[in-house]
Amino acid sequence: MSVSLLSLTRPLDTVSGFLQVASLLGLALLLLKAAQFYWHRQWLLKAIQQFPSPPSHWFFGHRQEFQKGRELQELKKRTEKYPCASPRWLWGSRVSLVVYDPDYMRMILGRSDPKSDGSYRLMAPWIGYGLLLLNGEIWFQHRRMLTPAFHYDILKPYVRLMADSVQVMLDKWEELLTQNSHLEIFEHVSLMTLDTIMKCAFSYQGNHQADRNSQAYIQAIRDLNNLVFARVRNVFYQKDIFYGLTSEGRRNHKACQLAHEHTDRVIKLRKAQLQDEGELEKIRNKRHLDFLDILLFAKMENGRGLSDKDLRAEVDTFMFEGHDTTASGISWILYALATHPEHQQRCREEIQSLLGDGASITWEHLDQMPYTTMCIKEALRLYPPVPGVGRELSKPITFPDGRSLPRGFLVLLSFYALHHNPNVWPNPEVFDPSRFAPDASRHSHAFLPFSGGSRNCIGQHFAMNELKVAVALTLLRFELAPDPFRIPVPTPRIVLMSKNGIHLHLRKLL
Ligand code: HEM
């Protein structure tokens, strides 16, 4: 009897001993984490003591600013109350200095700080380490390799391809208008800009605006825009292992797969075409290779070609950057013109006198629409398609007003806040294209839709051409007015979106 009792109690002792040790270890780990949190927070608080900000919660930070879609309004209030820059806490141990002053911008963009790992890293499962996410020497090699893809000899013939894609979209609008004169344009414009980048950069033929795969890709990008943005702000979603277990994590994984299926298809097709001697001969005769061909024929410093992983990352990066930013730009510009009929009409008259019916818009025309260009820039000021970018300071910085930040600190360059800062742009909410008149003066870093410095947008000339072609051809075909019942609500994501879409009233012109 006593022997069997002993044999029963021994395993019980072992289990409870194990549980005690585990709880002690758990408690120690928790205390260690709490101490880490405390010391890190103290370091951050000391670093930003010279920069006042609105009151924040010790754990939830400025979360109330992000809720209820008030983020952009709150940013504007900051520009009025806190000069140049102010700290914004995402949670108790993550803070960035939000910058909205041109001199501050110039200082930061003139350095070579890397992209902030905390936010950009979360895009890596989707676009990989291509030009947008790379840093240091490898970024420099890729930038040098890809810059020739934006040479003006390459960009020139794209104007025709851009115009074709825009006309397909406008034909579709004409058909839809027989049923309803109101239209949500963002999705149509996204399909059109995707079509354009596929034809220009990836030599992909055909009409993709009615194609199911393109629609699925656009939807995946919409989801990823939302999911990545939400993840950046959620303290519990930072670790991949935990995020992967959540429903958002699973949706993110699924959307990445969908996006990759699309880009893999494009790469495969081009590789297959290049098996053909005739196609290879065409490439040999070209003075400048286009984007995908540069990647496929690339030889890096070590003499080797790009790995499949690096190639896919660049294709994913350009497929996304090359269409979603321009879709946001074009949609918001059309909305801005819809709400300012007098400027819309002046642009239309300028374009009519230049192009007649617009059937043959060319590269040469793009420099001959000064008023339309001023309106496009003013709309990019009010609605910058990329609302902000992040950097992690690789060395300490002292700003022109003497305030400073230590190495390792995160900064968010808010182009949206810069463009709405009343100290930089008087009456910032007023749509006034004369701000961009040839004789108007402004700070070199007051208007930064394409960022600045060495990491500025590599596709900015491509983008400006596409914006001009799309705006010119649309104004020739339609008169635009806002839908008074569905006013768009600007919402920051990786690109600037509208919470409720962009609804316009369109009237076909003769
Ligand atoms: C209106 C349209 C566009 C806007 C407003 C825009 C804006 C920007 C901004 C602000 C950046 C800096 C991002 C950062 O620092 O994190 C950037 C970078 C970049 N953009 Fe654009 N972009 C546009 C169109 C395009 C197009 C059409 C392409 C490609 C065809 C493109 C490709 C890129 C790439 C690859 C980078 C990373 C460059 C680097 O870091 O070296 N963008 N863009």
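Both counts, for ligands and for their atoms, begin at 1 and track the order of listing. FYI, the numbering just counts along the sequence from 1.
Distances below 4.0 Å separate heavy atoms of W139 from the following atoms of ligand 1: 39 (C), 40 (O), 41 (O).
When hydrogens are left out, the protein atom nearest atom 37 (C) of ligand 1 is L132 CD1, 3.6 Å; that is the closest non-hydrogen contact. Looking only at heavy atoms of the protein, atom 35 (C) of ligand 1 is closest to F318 CZ, 3.4 Å. Of all protein heavy atoms, the one lying nearest to atom 18 (C) of ligand 1 is C457 CA, 3.7 Å. Among protein heavy atoms, the minimum distance from atom 32 (C) of ligand 1 is reached at E321 CB, 3.6 Å. Protein heavy atom at the shortest distance from atom 10 (C) of ligand 1 is P449 O, 3.5 Å.
Not a single heavy atom of F291 sits less than 4.0 Å from an atom of ligand 1. Distances from ligand 1 to the non-hydrogen atoms of R391 include at least one value under 4.0 Å. Contact between G322 and ligand 1 is present, with at least one heavy atom of the residue lying under 4.0 Å from the ligand.
Checked by distance only, ligand 1 and N456 stay at 3.5 Å or farther apart across all their nitrogen or oxygen atoms. Looking at R455 next to ligand 1, an N or O pair under 3.5 Å apart turns up.
Salt-bridge annotation for R121 and D240: present, with a side-chain N of the basic residue lying under 4.0 Å from a carboxylate O of the acidic one.
Y129 places no side-chain N or O within 3.5 Å of a backbone atom of W139 that could act as its donor or acceptor partner. H420 places a side-chain N or O within 3.5 Å of a backbone atom of L382 that can act as its donor or acceptor partner. With hydrogens and angles disregarded, no donor-acceptor distance shorter than 3.5 Å links the side chain of R231 to the backbone of L122.
The distance between the ring centers of W126 and F320 falls below 6.0 angstrom. Ring centroids of Y416 and W332 are separated by 6.0 Å or more, keeping the two rings apart.
Looking at R143 against ligand 1, only its side chain comes within 4.0 Å, counting heavy atoms.
Considering F462, Y217, F318 as possible partners of H323, the one that fulfils the ring pair (Phe, Tyr, Trp, His ring centres under 6.0 Å) test is Y217.
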